[in-house]
Amino acid sequence: MPGPMRVTVLSHDLSTNAGRRTHRLAGALGTFAEVKLIGPASRSHRWVDLPNEPGIFTVRKRRWPDFHASFAELVEAADGDVLIPVKPHLASFAVALVASELRGVPVILDIDDLDVALSPRSGWASDPATTDLSRPKSPLFVSLLTRATGAADAVTVCCHALRRRFGGTVIPQPVDTELFEPSRVDRERARREFGFDGPTVLFPGVPRPHKGLELLADAVARIPGAR
């Protein structure tokens with residue numbers, strides 16, 4: 001009798017909160033498959049929320065030319081029947097494509113953000129560090145791999161905006177609905193503790209230009225008494 005399906009989930013960086021979605025996808029897949037989560041991690045820093053679990057395999061986070069050793073280790077470790085790289089990065093998508101070519105297994109690319117928007121091509125000339133090819137996470141590599149999404153056998157995305165751009169199936173960002181349950185919070189007490197005394201708009205994400213913060217600020221400015 002054949003064993004359970006083996007799935008390898010690939011993260012481009014397990015030292016940052018980029019590991020959040022990969023870990024939660026791995027957890028969901030673990031309900032019906034044997035799952036391994038792999039990716040580079042810094043020797044001195046590990047994403048604080050990433051638990052120590054036997055199904056997590058990390059390699060040393062390096063720059064080129066030493067990155068080739070980490071890349072080869074990841075290709076070796078990507079031995080699942082299905083490969084699910086998260087984000088179009090060298091350490092995730094490119095590793096999965098190479099492992100897929102070697103082993104003849106399908107690749108499902110998961111896209112949880114428009115990473116090319118973090119460093120628009122219009123700013124590359126004024127900031128040469130963005131095209132430093134010794135960095136595996138260079139926007140140039142990300143741009144090339146974003147254009148190569150068609151090489152994946154299937155695509156999943158975290159929202160409808162990304163589906164309009166890349167197609168695929170929407171898998172929403174996983175959240176702890178108990179932790180963020182509004183009924184568990186004393187609204188008035190929270191407002192007093194934070195000093196909110198008028199209409200308030202909160203942005204709980206990372207403040208990046210492509211997330212429309214200027215539009216949000218303009219909208220808030222039109223609300224009488226808002227802050």
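For the numbers below, each heavy atom of this structure counts, side chains included, while hydrogens, waters and symmetry mates do not. Residue indices begin at 1 and follow the sequence shown. Because the structure is a prediction, the values reported are computed rather than measured.
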Q.
Between L90 and V95, does the side chain to side chain contact (heavy atoms under 4.5 Å, CB included) criterion hold? Intermediate values first, please.
A. CA-CA 6 Å; L90 285 179; V95 166; over 6 Å; no
Q: Using distance alone, with no hydrogens and no angle criterion, decide if D115 and H89 have a side-chain donor and acceptor under 3.5 Å apart.
A: yes
Minimum-distance pair of heavy atoms, taken over all atoms of [X] and [Y]:
X	Y	answer
G167	V157	O-CG1, 3.8 Å
L25	V86	CD1-CG2, 3.9 Å
V59	S70	CG2-CB, 3.9 Å
S42	K61	N-CB, 3.8 Å
A190	V185	CB-CG1, 4.2 Å
S138	T130	OG-O, 3.1 Å

Is any side-chain N of the basic residue among [X] and [Y] closer than 4.0 Å to the acidic one's carboxylate O?
X	Y	result
D112	K87	yes
E188	R192	no
D132	R63	yes

To the nearest 0.5 angstrom, please state how far the [atom1] atom of [X] sits from the [atom2] atom of [Y].
X	Y	atom1	atom2	value
T149	F166	OG1	CZ	6.0 Å
C159	I171	SG	CD1	12.5 Å
E73	F57	CD	CZ	5.5 Å
E76	F71	CD	CZ	13.0 Å
I84	D110	CD1	CG	8.0 Å
T22	L37	OG1	CG	5.0 Å

Q. Does the side chain to side chain contact (heavy atoms under 4.5 Å, CB included) test come out yes or no for D153 and I108, once each step is laid out?
A. CA-CA 6 Å; D153 296 279; I108 302 174; 5.7 Å; no
Q: Using modelled atom types only, decide if a donor and an acceptor are shared between the side chain of S92 and the backbone of P85 within a distance under 3.5 Å.
A: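 No, S92 side chain to P85 backbone: no donor-acceptor pair under 3.5 Å.
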Q: State whether the side chain of W124 and the backbone N or O of L140 hold a donor-acceptor pair below 3.5 Å, judged by distance alone.
A: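 It does not hold such a pair.
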Q) What residue among R6, K36, R103 forms salt bridge (charged side-chain N to carboxylate O under 4.0 Å, His left out) with D81? A)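 Answer after filtering R6, K36, R103: R6.
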Taking the side chain as C-beta and beyond, is there a heavy-atom pair between [X] and [Y] under 4.5 Å?
X	Y	result
S143	T146	no
V142	V116	yes
T31	L29	no
H12	P40	no
V155	T169	no
E34	M5	no

**Q.** By salt bridge (Lys or Arg N to Asp or Glu O under 4.0 Å) - contacts of D66 (at least two apart)
**A.**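 Checked D66 against salt bridge (Lys or Arg N to Asp or Glu O under 4.0 Å); zero matches.
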Q. Going through the distances and angles, do V9 and I38 end up as a side chain to side chain contact (heavy atoms under 4.5 Å, CB included)?
A. CA-CA 6 Å; V9 180; I38 69 174; over 6 Å; no
Q) Do the ring planes of F194 and F196 sit parallel (below 30°), tilted (30 to 60°) or perpendicular (above 60°)? A)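 Judged by the thresholds at 30° and 60°, the geometry between F194 and F196 is parallel.
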Q.
More than 12 heavy atoms of other residues, nucleotides or ligands under 6.0 Å from CD of E101: yes or no?
A. no
Q. In this structure, are over 12 heavy atoms from other groups packed under 6.0 Å from E214 atom CD?
A.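 Check fails, neighbour count at 12 or below.
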Q) According to a 4.5 Å side-chain heavy-atom criterion applied to Ile, Leu, Val, Met, Phe, Trp and Tyr, with indirect links allowed, do L114 and L215 form part of one hydrophobic cluster? A)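 No; tracing contacts between hydrophobic side chains, which count when under 4.5 Å, never links both residues.
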Q.
Let's go through I56 and H23 carefully: what are the C-alpha distance in whole Å and the side-chain angles of both, what is the deciding distance for side chain to side chain contact (heavy atoms under 4.5 Å, CB included) to 0.1 Å, and is it a yes or a no?
A. CA-CA 9 Å; I56 299 176; H23 180 255; 4.3 Å; yes
